[in-house]
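Below you'll find the structure, written out as structure tokens, and then a few comments.
Lettering follows sequence order; numbering is per chain, from 1. Because the structure is predicted, anything quoted here is derived from the model rather than measured.
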Amino acid sequence: MMSHGKNHVTWTAMITGYSRNQDPLGAIECFRDMRAEGIEANQYTFPSVLTACGEIMAFRFAVQVHGCIVKGGFAANVFVESALVDMYARCGCLNDARIVLESMVVDDVVSWNSMIVGCVRQGFTCDALHLFKKMHTKNMKIDDYTYPSVLNCFASLNDANSSKSSKSVHCMAVKTGFERHVLVSNALVDMYAKRSDLSCAFAVFGNMKEPDVVSWTSLITGYTHNGAHEQALTLFCKMRISEIKPDQIVTASILSSCAELTVLDFGQQVHSDFIKSGLRSSLSVDNSLVTMYTNCGCIEDANKVFASMDVKNVITWTALIMGYAKNGKSNESLMFYNEMIESGIKPDFITFIGLLFACSHAGLVDQAREYFDSMANVYHIKPGQDHYACMIDLLGRSGRIDEAVELLNNMMVEPDATVWKALLSACRVHGKIELAEKAANTLFELEPQDAVPYIMLSNLYSSTGQWEDAARIRRLMKSRGVSKEPGYSWMEINSKVYSFMSEDRSHEKSDLIYSKIDEVMMLIREAGYVADMNFALHNIDEEGKELGLAYHSEKLAVAFGLLELPSGMPIRIYKNLRVCGDCHTAMKFISSVYGRVIVLRDSNRFHHFKHGVCSCGDYW
DNA sequence: TTAGGGTTAG
């Protein structure tokens, strides 16, 4: 008897409804109720319920459904079979999916598409491509669902060997007219962007009649992943002009570029526009916001976002751990790590980079050792070059050079340039010339065009008065055509960016800035500042050296800030290289003499100067 | 019944 007057058509309509409205649990419940009522499912019911199972990977229930299908005699229906392939593929059971696929009498394009997607999702790109080739040789129909999955394979196979094949598939799509489908062009833009072929990505994008938010996102993240963050921001603005509304995905992506560029104004605007849009926030948007705010030195705002999050994952916690460490709050950073573990979330490869970074900037050698050992022992994560570099940096800074060397010699993998640079930098701090020479020579071979080791070694010679050796290294550098990235500082005042090079006189208010510096230097000298000649690296007389130090880019910037910003307002300065020791000391004095908060973000971390003290505890 | 874009790292 049919209860409530429902027949199998009504039940099927309900199940399909739940399934289409992305309520897989509802669909499965409904299917159960239908069975409990004694009503048999048919070839229309099974595909819907199988889709729901695949959606939430309800594998065991799905196997029972498969049993019903066989018993009910629906196993030879092509719709049911393709739904089975899709369900098994989504549940990660590629073998079961393959068994169903191979038992089918007809070559059904939907089933083959599902199989290909399943392989791609599980990372079996070669199998996916093999299936695609087979479809081609069998002369099967290839449709607008097939292309995106296949192109996705080439997106993840970013090697030179697959370049030709990826272009052939693109040609096929053009010849067969499928390139005109938005999903296919989007997959093409994404594929080229992920293969770092931005000109091809841009060409496909440019040919699109109506690029949608996905097309824009693919292009924007292409620029982001290739380090072209400014261009990513420009594209985002163009997207807004063309009246495409940003969604969660593109918002998360652009905020990560804002974080990278530390453009707080832009990031805040993206944040408020997103709130105004009325879209619900997502985990990735919130994660990007936490990173953006901590990277811009706004711990409070990052905290607000963090506190508002109902769901947090390892990325959220890692962003916070890293953010606090960068802002000189290592103890809080480690506290968050403990909270993360207590909440049952496991750290990953990157979490440990953050942890070691935190330890490194607080001089917590023993604790770092414990974390480092726990990586392999507790979490079975193999330490990478970055982790070794952090440890060597940490040991070096705390004067344990021998332990640093020992760690380097016992590495499980061949040390790369990152690790040698950490050792070289440790030598710089502790004046270990011989070891520094060894590290620098290794680096000259590993990365001959990198200016950093030349500069470091030359500076080390200068600081010990070995001017001849310093000059020799500079000549060597010049003869090899290596050029140094010039140091500069910049600041944003009323949405305008002002940048300064060392001894820069190009600014329109140059005279005022230089007289302000003279005043600053005089006042801080009275307060006890003494120039640190270790950082004056020219073989000139003492007075000349001191003048050179006074005109470092960050000092020019702070003088400009004192002139332009009302008293009581913090002065925020960004620098592309690490702050020098002398400037660091000077900033402390300036913060106390002028009663100003100075926030200086260098290439490594934040320094918050207040009342003569820096948040880094002079350890950076 | 099948398809596309994302978040943490010196």
Residue-phosphate contact under 4.0 Å: [X] side-chain N/O, [N] OP1/OP2:
X: A:Asn152; N: B:dG5; result: yes
X: A:Arg601; N: B:dG10; result: no
X: A:Thr418; N: B:dG10; result: no
X: A:Arg578; N: B:dG10; result: no
X: A:His225; N: B:dT7; result: yes

Side chain to side chain donor-acceptor pair (under 3.5 Å) involving A:Tyr223 - partner list, sequence neighbours excluded: none
Whole angstrom is fine here: how far is it from CE in A:Met115 over to C1' in B:dT2? 13 Å
Does A:Thr217 make a side-chain donor-acceptor contact with the base of B:dG5, cut-off 3.5 Å? yes
Examine the base of B:dG5 for any acceptor or donor lying under 3.5 Å from a partner atom in the side chain of A:Asp212, and report the outcome as yes or no. no
Minimum-distance nucleotide (side-chain atoms of A:Thr291 versus B:dA9, B:dG5, B:dA3): B:dA9
Identify whether any heavy atom of [X] sits under 4.0 Å from a base atom; if not, whether one sits that close to sugar-phosphate; answer base, sugar-phosphate or nothing.
X: A:Lys312; answer: nothing
X: A:Val290; answer: nothing
X: A:Ser603; answer: base
X: A:Asp393; answer: nothing

Check the pair A:Phe178 / A:His181 against ring pair (Phe, Tyr, Trp, His ring centres under 6.0 Å), numbers first and verdict last. CA-CA 6 Å; A:Phe178 282 111; A:His181 290 248; 5.3 Å; yes
A cation-pi test, strictly: NZ or CZ of A:Lys575 under 6.0 Å from the centre of the six-membered ring of A:Tyr488 and no more than 45 degrees from its axis. Yes or no? no
Kindly assign one of parallel, tilted or perpendicular to the pair A:Phe336 and A:Trp317, based on the angle between their ring planes and the thresholds 30° and 60°. tilted
